[in-house]
Amino acid sequence: MLGPADGVCSEVAIMDSAGVGQGIGEGPKGTIREGFLQAAKFWEPRRVIYNIVLTLVVVAWVGFSWPHFRPMFRWEGLWFLVVMALLANACYCAAYVVEFAVQGLTAQSGGRRWRWGLWVLGTLLALLMENYWIADEVYPFVQ
């Protein structure tokens with residue numbers, strides 16, 4: 001039986017301080033729960049901004065081409081908007097996949113600046129996809 005006198009505890013302490021044992025999705029304290037909490041603290045407040053930006057694009061499309069979108073203001077149109085909003089938020093969750101994949105690597109260096117770049121790129125991609133979808137699929141569909 002190995003104990004503290006045999007050096008086991010000191011080896012574990014050395015490995016923890018060196019960052020050994022931090023894997024995918026693990027935060028600085030080494031738990032998956034801590035990693036998820038850190039990810040949620042960053043991503044969830046920005047989800048509100050993401051949704052506001054996407055909503056403003058829809059409002060702009062409807063506002064600048066109001067007579068064309070008038071027939072969409074029915075219950076079917078509302079359900080369509082709800083489904084599209086849910087899909088946009090599901091796509092936002094893809095950031096967590098990248099977060100957990102990279103979190104163990106960057107926890108050792110302490111750098112988290114890549115999160116902002118990922119958020120900006122993801123939001124720009126969502127804007128591009130939204131404009132394409134409205135211009136190519138929704139706008140010609142509305143009669």
Side-chain angles (χ1 to χ4, degrees), residues 2-4 7-143:
L2 297 174
V8 174
C9 290
S10 62
E11 289 177 16
V12 171
I14 291 171
M15 289 175 63
D16 284 342
S17 66
V20 176
Q22 287 189 343
I24 294 175
E26 293 183 1
K29 293 183 181 174
T31 64
I32 292 176
R33 182 175 187 268
E34 182 66 29
F36 179 75
L37 289 175
Q38 282 187 358
K41 284 179 186 177
F42 179 82
W43 292 107
E44 290 309 313
R46 283 148 193 88
R47 184 187 296 263
V48 175
I49 299 167
Y50 171 83
N51 284 318
I52 289 171
V53 167
L54 295 180
T55 302
L56 289 175
V57 170
V58 170
V59 169
W61 267 96
V62 170
F64 289 130
S65 58
W66 166 242
H68 185 78
F69 278 106
R70 187 182 306 227
M72 276 298 278
F73 283 90
R74 297 184 311 249
W75 286 110
E76 295 86 22
L78 177 65
W79 285 115
F80 178 74
L81 282 175
V82 168
V83 168
M84 290 295 113
L86 289 173
L87 287 174
N89 277 287
C91 290
Y92 188 85
C93 293
Y96 282 101
V97 175
V98 176
E99 170 80 23
F100 291 136
V102 178
Q103 201 171 51
L105 300 173
T106 59
Q108 296 168 0
S109 65
R112 300 263 188 222
R113 291 186 185 149
W114 61 270
R115 285 175 164 173
W116 280 102
L118 182 64
W119 184 81
V120 169
L121 286 174
T123 303
L124 290 175
L125 179 63
L127 286 172
L128 179 71
M129 289 174 60
E130 178 184 26
N131 280 298
Y132 169 76
W133 187 262
I134 292 172
D136 193 53
E137 300 296 329
V138 177
Y139 192 85
F141 175 74
V142 177
Q143 314 243 346

For this session: Start with the C-alpha gap between Val138 and Trp61, add the side-chain angles, then the distance that decides, and say whether side chain to side chain contact (heavy atoms under 4.5 Å, CB included) holds.
Result: CA-CA 11 Å; Val138 177; Trp61 267 96; over 6 Å; no
For this session: Show your reasoning for whether side chain to side chain contact (heavy atoms under 4.5 Å, CB included) applies to Leu128 and Leu124.
Result: CA-CA 6 Å; Leu128 179 71; Leu124 290 175; over 6 Å; no
Exercise. How would you list, by chain and number, every residue that makes a ring pair (Phe, Tyr, Trp, His ring centres under 6.0 Å) with Trp116, sequence neighbours excluded?
Worked result: Phe42
Exercise. Does any pair with a residue in residues 50-60 pass side chain to side chain donor-acceptor pair (under 3.5 Å), and if so which ones, sequence neighbours excluded?
Worked result: Asn51-Asn89
For this session: Could you tell me which non-hydrogen atom of Ala88 sits nearest to which non-hydrogen atom of Leu54, and how far apart they are?
Result: CB-CD1, 4.0 Å
For this session: State which residues pass side chain to side chain contact (heavy atoms under 4.5 Å, CB included) with Phe73; sequence neighbours excluded, sorted by chain then number.
Result: Val62, Trp66
For this session: Applying side chain to side chain contact (heavy atoms under 4.5 Å, CB included), name anything that partners Ile49, two or more places apart in sequence or on another chain.
Result: Val53, Trp119
Exercise. CG/Asp136 to CG/Asn131 distance, rounded to the nearest 0.5 angstrom?
Worked result: 12.0 Å
Seminar exercise, completed: Sorted by chain and number, sequence neighbours left out, salt bridge (Lys or Arg N to Asp or Glu O under 4.0 Å) with Glu137 holds for none
Exercise. Quick one: salt bridge (charged side-chain N to carboxylate O under 4.0 Å, His left out) pairs with a partner in residues 115-135, sequence neighbours left out?
Worked result: Glu99-Arg115
Seminar exercise, completed: Here the salt bridge (charged side-chain N to carboxylate O under 4.0 Å, His left out) pairs for residues 40-57, sequence neighbours left out, are Glu44-Arg47
Exercise. Residues in side chain to side chain contact (heavy atoms under 4.5 Å, CB included) with Leu87, at least two apart?
Worked result: Val83, Met84
Exercise. Where is the tightest heavy-atom contact between Pro45 and Ala40, given as atom of each residue plus distance?
Worked result: CD-O, 3.6 Å
Seminar exercise, completed: With sequence neighbours left out, the residues meeting side chain to side chain contact (heavy atoms under 4.5 Å, CB included) with Leu81 are Val58
Exercise. Which of parallel (below 30°), tilted (30 to 60°) and perpendicular (above 60°) describes Tyr92 and Trp43?
Worked result: perpendicular
Problem set entry | Phe100 side chain reached by Ile32 side chain, heavy atoms, under 4.5 Å | no
For this session: Please collect all salt bridge (charged side-chain N to carboxylate O under 4.0 Å, His left out) contacts where either partner lies in residues 73-98, sequence neighbours excluded, each pair once.
Result: Arg74-Glu76
